[in-house]
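Just follow the structure's listing: the first ligand is 1, and inside any ligand the first atom is 1. All values reported here derive from a predicted model rather than from experimental measurement.
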Amino acid sequence: MILVEGTVNGKKYTEPFSKGVLSRSLTRAEVGPNRAYAMAAIIESKLKENNITKISVDELVEYIVTELKKENPLIAEKYINWRRIRQSQEPLIILIGGASGIGTSSIAFEIANRLGIKNMVSTDMIREVMRKIVSKELSPVIHESSYTACNVLRVPPPPEYDAIIVGYKSHVETVSVGVEAVIERALKEGISIIIEGVHIVPGFIREDLMEKDNVVMFTLSLSNEKMHKGRFYSRCRQTWARRPLQRYLEHFNAIRKTQNYIVSQAKTYDVPVIENIDVITTIDSIIKYITKTYGGEKNVGKQES
Ligand SMILES: Nc1ncnc2c1ncn2[C@@H]1O[C@H](COP(=O)(O)OP(=O)(O)OP(=O)(O)O)[C@@H](O)[C@H]1O
Ligand SMILES: O=C(O)[C@@H](CO)OP(=O)(O)O
C-alpha cells in the first residue's frame, strides 16, 4: 500500500493513495473522467516501480504535473492554477455580474465546480429574502425586476436621463446591501463563496470590501445581441426553467441597456470584462485572473490535501 502524507490546518495526516481521489482532482483540470482514472493508475504504477510506500502531497503533485505535462502542457497549467487557488489560506469570494441571460448563473456553477467551492448564491435569491422584509411602500424598486424598476420610481428622472438605467441603479443599490451582508458573513466565517447575478455591478459594492485581495469581481458580457437573445431561448428549454421567455423578449432592449451600463461601470472601476461566448474560455479566463491576483505567492498557504 502507498501512503500519502499531507497537512491540513497545520496538522499532519496520512492516508492510503486512492486513484479515485486523484482522478477527481484531475477532472478539475478538465481531464475527462476516464482519462483521469487511467492517469491515476499510471501514476500509481510509477510510484510502485520506484518502490515508494510513503509520499508527501508535494512530491505526489510533482509526479502528477510531470505526467500531465506529457499529456498536455495546457492541462498541466490548469492543474497548477487550480492547486494554487486551493492552497490559499484566505476564503475566496467571487462576484460574477452581467445582465439577465448573459450566463452568470451557468458560469458561476462551472467555476464553483472547477474550484471545489461549495457555496454559491444568486442575487435574485438575496433579493427575494429582502422583498419579505422591505415593503413595496418602503422600496417599490426591489419588488420589480432590474429592467422594470424604472416603472415605480417615486420621482421621475429628468428627461435627459434614461429612466431604465435610473430604475436599474436604484434597484441594484438596494439589493447590494444584501450582497454586502453575504460578503461580510463569508469573510467572517472564512468560507469561499460565489455570488452571481444582475445585481453584481462595479461601483455598487463597498470599497473596503472590494479592495480585499480575496474578493474578486468579474463582469460577463455578450456583444452579440442575437446570441444574447438566444440565451433566453436556450434557458427556457431547460426542464427546470420556470422563467417566461416572452417577458425577457419583451424587455430585451431594456436588458441590453442594463448590460451596457454594467460593462461601462466595469471599465470605470477596472473590473475584468469577459465575453461569455464559450463556457470553457470564460472559465479559463476567470481562473487565470484569480490565480494571478489571489493564488499568487503571497496567498499560498501551507500544503493542503
Ligand atoms: N458561454 C455560453 N455558451 C452557450 N450557452 C451559454 C453560455 N453561458 C450560458 N449559456 C446558456 O444561456 C442560458 C442563460 O444562462 P444563465 O441562466 O446562466 O443566464 P443568467 O445570466 O444567469 O440569467 P439570469 O440572471 O436572468 O438567470 C442558459 O441556457 C445557459 O445554458
Ligand atoms: O431582475 C432581473 O433582471 C432578473 C434577474 O435574474 O430577475 P427577474 O427577471 O426574475 O425579475
Subject >> Protein heavy atom at shortest distance from atom 8 (N) of ligand 1 >> reply: Asn276 ND2, 3.1 Å
**OP:** State the atoms of ligand 2, each with its element, that fall below the 4.0 Å cut-off from a heavy-atom position in Arg127.
**Re:** 1 (O), 2 (C), 7 (O), 8 (P), 10 (O), 11 (O)
**OP:** Can you sort out which atoms of ligand 2 are near Asp124, meaning under 4.0 Å from one of its heavy atoms?
**Re:** 5 (C), 6 (O), 7 (O)
Original post:
Does a donor on one side chain and an acceptor on the other come within less than 3.5 Å for Glu275 and Ser223?
Top reply: yes
Original post:
What is the closest protein heavy atom to atom 23 (O) of ligand 1, and at what distance does it sit?
Top reply: Gly101 N, 2.8 Å
Subject >> 4.5 Å side-chain heavy-atom contact, Val31 and Leu68 >> reply: yes
Subject >> ligand 2 atoms in contact with Ser145 (distance to a heavy atom under 4.0 Å) >> reply: 1 (O), 8 (P), 9 (O), 11 (O)
**OP:** Report, in ascending order of atom number, the atoms of ligand 1 lying under 4.0 Å from any heavy atom of Val279.
**Re:** 1 (N), 2 (C), 3 (N), 7 (C)
**OP:** For atom 9 (C) of ligand 1, state which one of Gly103, Ser146, Ser234 supplies the nearest heavy atom.
**Re:** Gly103
Subject >> Top protein contact for atom 22 (O) of ligand 1, by heavy-atom distance >> reply: Ser105 OG, 2.4 Å
Subject >> Side chain proximity check, Arg35 to Glu71, heavy atoms < 4.5 angstrom >> reply: yes
**OP:** With the side chain counted from C-beta on, respond yes when Phe17 and Leu3 share a heavy-atom pair under 4.5 Å apart, and no when they do not.
**Re:** no
**OP:** Could you list the atoms of ligand 2 found under 4.0 angstrom from a heavy atom of Tyr147?
**Re:** 2 (C), 3 (O), 9 (O)
**OP:** Taking the side chain as every heavy atom from C-beta outward, state whether Ile262 and Pro202 have any pair of such atoms under 4.5 Å apart.
**Re:** yes
Original post:
With backbone taken as N, CA, C and O and side chain as the heavy atoms from C-beta onward, which portion of Thr282 lies under 4.0 Å from ligand 1: side chain, backbone, both, or neither?
Top reply: neither
**OP:** Distance to 0.1 Å, residue and atom name: give those for the protein heavy atom nearest to atom 24 (P) of ligand 1.
**Re:** Arg235 NH1, 3.0 Å
Original post:
Do any N/O atoms on Val198 end up under 3.5 angstrom from N/O atoms on ligand 1?
Top reply: no
Original post:
Side chains of Ser176 and Glu173: is there a donor and an acceptor less than 3.5 Å apart?
Top reply: no
Subject >> Common cluster, Val177/Leu187, ILVMFWY with side-chain heavy-atom separation under 4.5 Å >> reply: yes
**OP:** Quickly, which of Lys11, Lys12, Lys54 forms a salt bridge (Lys or Arg N to Asp or Glu O under 4.0 Å) with Glu5? Name it, please.
**Re:** Lys54
Subject >> Any N or O of His171 closer than 3.5 Å to N or O of ligand 2 >> reply: no
**OP:** Specify the protein heavy atom at minimum distance from atom 27 (O) of ligand 1: its residue, its atom name, and the distance to 0.1 Å.
**Re:** Arg243 NH1, 2.7 Å
Original post:
How far is atom 4 (C) of ligand 2 from its nearest protein heavy atom, and which residue and atom is that?
Top reply: Arg243 NH2, 3.7 Å
Original post:
So which protein heavy atom does atom 30 (C) of ligand 1 come closest to, and at what separation?
Top reply: Ser106 OG, 3.3 Å
**OP:** Give a yes or no on whether a salt bridge exists between Arg114 and Asp284, defined as a side-chain N under 4.0 angstrom from a carboxylate O.
**Re:** yes
Original post:
Is the cationic atom of Arg247 (NZ for Lys, CZ for Arg) positioned less than 6.0 Å from the six-membered ring centroid of Phe232 and within 45 degrees of its normal?
Top reply: no
Subject >> Contacting atoms of ligand 1, where contact means under 4.0 angstrom from a heavy atom of Asp278 >> reply: 1 (N)
**OP:** Considering heavy atoms of the protein only, find what lies nearest to atom 3 (O) of ligand 2 and give residue, atom and distance to 0.1 Å.
**Re:** Ser146 OG, 2.5 Å
Subject >> Considering all heavy atoms, the nearest Pro272-Met217 contact >> reply: CD-O, 3.4 Å
Original post:
Is Lys69 salt-bridged to Glu77, going by a charged N under 4.0 Å from an acidic O?
Top reply: no
Original post:
Does Gly197 come within less than 4.0 Å of ligand 1, judged by its heavy atoms?
Top reply: no
Subject >> Taking atom 31 (O) of ligand 1 as the reference point, the nearest protein heavy atom with its distance >> reply: Gln238 NE2, 3.2 Å
**OP:** Taking the six-membered ring for Trp and the single ring otherwise, decide whether the centroids of Tyr168 and Tyr147 are under 6.0 Å apart.
**Re:** no
Original post:
Taking both backbone and side-chain atoms of Ile277, is any N or O found less than 3.5 Å from an N or O belonging to ligand 1?
Top reply: yes
Original post:
Yes or no on ring-ring contact (aromatic ring centres under 6.0 Å, His included) for His199 and Phe204, after CA distance, side-chain angles and deciding distance?
Top reply: CA-CA 9 Å; His199 308 94; Phe204 283 72; over 10 Å; no
**OP:** Looking only at protein heavy atoms, identify the closest one to atom 10 (N) of ligand 1 and say how far it is in Å.
**Re:** Arg231 CD, 3.5 Å
Subject >> Interfacing atoms of ligand 2 (cut-off 4.0 Å, heavy-atom, Tyr248) >> reply: 8 (P), 9 (O), 10 (O)
Original post:
Just heavy atoms, cut-off under 4.0 Å: does Ala99 contact ligand 1 by side chain, backbone, both, or neither?
Top reply: backbone
